[in-house]
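For this chain, numbers begin at 1 and follow the sequence in order. We use all heavy atoms of the structure for the numbers below, so side chains are in, but hydrogens, waters and symmetry mates are not. Both ligands and their constituent atoms are indexed starting at 1 by order of listing.
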Amino acid sequence: MINLLGLNQKALEEFFITLGEKSFRAQQILKWIHFNRVRDFALMTNLSKTLREKLSEIAEIRPPEIKTQNTSADGTHKWVLQLADGNCIEAVFIPEKTRGTLCVSSQVGCVLNCDFCSTGKQGFSRNLTTDEIIGQVWIARQEHTVTNVVMMGMGEPLLNFDNVVAAMDIMLDDHAYGLSKRRVTLSTAGVIPMMQQLRTVSDVALAVSLHAPNDELRDKLVPLNKKYPLKELIAACKEYFKDEPRRYVTMEYVMLDGINDTPTHAYELIKLLEGVKSKVNLIPFNPFPFTVYKRSDDATITRFREILMGAGINAITRKTRGDAIDAACGQLVGQVKDRTRRNERHLKKAGVNSHMTLGGEA
Ligand code: SAH
């Protein structure tokens, strides 16, 4: 059975041509699957009866299974989705006054191992297929109006390039979700060669996880920096929208208490971003069990932001949402995995005696 959920227009056209059908069937079926969310071929009335019968023999439209779901008081809706092989991923919908943002995962786990990210601490299992990526949008759209998608769930989207690009094609496609290119954002820790490739095949918005204004600190927080250091990353960011003067790269900067949040860091960041068309998103750190980091306090975040704004940088503080249901950044699916051994290692590293924290005896 071929799962048509994961085929973009081009792949569907090829699929229909191999069936001896006209390529415009691709648009029709995209609309049935994604716009109308119909899974039963028998209901697809603008296809011939023979084609409908043929499709039900060889194809299916199968989204991931909803394992659990939760909605927090602020309306944030989190799904744990189970994939055919038993792996779990998460998607989070965040409603705001004028938009609805869906945070989508691209991999099961992640290889990058950023020190402040709980996904990184779970190791890497595999890339998601295109249907598993777009399936998250399909499921969210059953209940919500999704106006924005951010590839900011689990995983590094640029290390699953082809599947992520195909899924984003479907998000942008007028016959499917019809989202604007400015409302679909890919977030990367800075896989430079893939950033260069992305701008040639897709015109989605780009966010870069900066988190530190110098290599020494960034090497620790985002180990990928050792391979692709700041000087090259900044050059790649300058390059990214060079043909589109009105577009900006979003720089993500997680606020870690006492680590990267002092005025000195802010001034260093201003210097680093000189000449880069960018805006800065300050993300209050979302703590997770056994992390050594703490969230910067509000006054520190405000001061940091004011220093940036004083230098003419457009900086905003991202609101924390969904805390109560562990739907915040970097916390996805932590609970459903056995991370005991890893946790113990973290505790050792942090100099914490594990039974004190875990056993509650202290
Ligand atoms: N691999 C991609 C997507 C990661 S998740 C990337 O690195 O950009 C999206 C954002 O959440 C990234 O900026 C990531 O660094 C940040 N993040 C991860 N864990 C976090 C945490 N515990 N608190 C706040 N932000 C976190």
Side-chain angles (χ1 to χ4, degrees), residues 78 89-92 94 101-124 127-128 133 136 148-161 163-164 167-168 184-192 194-195 198 204-212 217-218 220-225 227-228 230 233 236-237 240 249-257 259-261 278-296 301 316-323 326-335 339 346:
K78 180 183 83 167
I89 53 161
E90 268 190 28
V92 180
I94 304 149
T101 303
L102 184 70
C103 180
V104 167
S105 296
S106 58
Q107 298 181 315
V108 183
C110 188
V111 293
L112 298 182
N113 201 15
C114 296
D115 209 29
F116 53 87
C117 175
S118 91
T119 303
K121 303 299 170 203
Q122 295 167 33
F124 173 74
N127 279 333
L128 295 186
I133 300 169
Q136 299 168 60
N148 295 56
V149 172
V150 292
M151 299 299 304
M152 293 185 187
M154 300 168 74
E156 168 49 52
L158 289 187
L159 293 180
N160 183 13
F161 191 85
N163 295 344
V164 164
M168 294 191 308
V184 175
T185 303
L186 183 143
S187 176
T188 179
V191 189
I192 295 175
M194 293 292 118
M195 286 166 65
L198 182 66
V204 296
L206 183 73
V208 171
S209 295
L210 207 55
H211 304 321
L217 182 55
R218 195 165 190 268
K220 287 198 196 106
L221 298 177
V222 184
L224 182 71
N225 194 65
K227 192 163 182 192
Y228 301 119
L230 280 173
L233 180 59
C237 290
Y240 200 79
V249 175
T250 300
M251 301 292 177
E252 292 161 281
Y253 196 99
V254 63
M255 296 299 285
L256 303 168
D257 183 39
I259 304 286
N260 65 353
D261 64 349
S278 60
K279 51 189 177 193
V280 175
N281 261 10
L282 301 176
I283 314 172
F285 172 63
N286 285 301
F288 51 91
F290 313 113
T291 178
V292 298
Y293 296 109
K294 288 205 286 290
R295 178 183 296 178
S296 311
I301 298 177
I316 61 151
T317 305
R318 192 179 291 169
K319 261 196 279 169
T320 47
R321 302 285 300 262
D323 278 3
D326 287 341
C329 308
Q331 298 189 324
L332 309 184
V333 190
Q335 302 77 357
R339 299 182 301 167
H346 287 299

Please verify whether a non-hydrogen atom of H211 lies at under 4.0 Å from ligand 1.
-> yes

Given L186, T101, L102, the one that forms side chain to side chain contact (heavy atoms under 4.5 Å, CB included) with V150 | T101

For the pair S105 (side chain) and E90 (backbone), establish whether a donor and an acceptor sit closer than 3.5 Å, ignoring hydrogens and angles.
-> yes

G153: heavy atom below 4.0 Å from ligand 1, yes or no?
-> yes

Which is it for T188 and ligand 1 at heavy atoms under 4.0 Å: side chain, backbone, both or neither?
-> backbone

Under 3.5 Å, is there a donor-acceptor pair between the side chain of N163 and the main chain of L128?
-> yes

Counting distance only, does the side-chain N/O of S296 pair as donor-acceptor with the main-chain N or O of M255 below 3.5 Å?
-> yes

Check: M151 N/O within less than 3.5 Å of ligand 1 N/O | no

Does S209 reach ligand 1 with a nitrogen or oxygen that is under 3.5 Å from one of the ligand's nitrogen or oxygen atoms?
-> yes

At under 4.0 Å between heavy atoms, which part of N286 makes contact with ligand 1: side chain, backbone, both or neither?
-> both

Using atom types as modelled and distance alone, determine if a side-chain donor or acceptor of R295 lies under 3.5 Å from a backbone N or O of F285.
-> yes

Heavy-atom contacts under 4.0 Å between E156 and ligand 1: side chain, backbone, both, or neither?
-> both

Enumerate the atoms of ligand 1 whose separation from the nearest heavy atom of A189 is less than 4.0 angstrom.
-> 6 (C), 7 (O), 8 (O)

Got a donor-acceptor contact below 3.5 angstrom from the D261 side chain to the I301 backbone?
-> no

Are the side chain of Y293 and the backbone N or O of D115 linked by a donor-acceptor pair below 3.5 Å?
-> no

Looking only at side chains, do E156 and S106 share a donor and an acceptor under 3.5 Å apart?
-> no

Within 4.0 Å of some non-hydrogen atom of F116, the atoms of ligand 1 are 15 (O), 17 (N), 18 (C), 19 (N), 20 (C), 21 (C), 22 (N)

Provide the number and element of each atom of ligand 1 under 4.0 Å from a heavy atom of C117.
-> 18 (C), 19 (N)

Do any nitrogen or oxygen atoms of G155 come within less than 3.5 Å of a nitrogen or oxygen of ligand 1?
-> yes

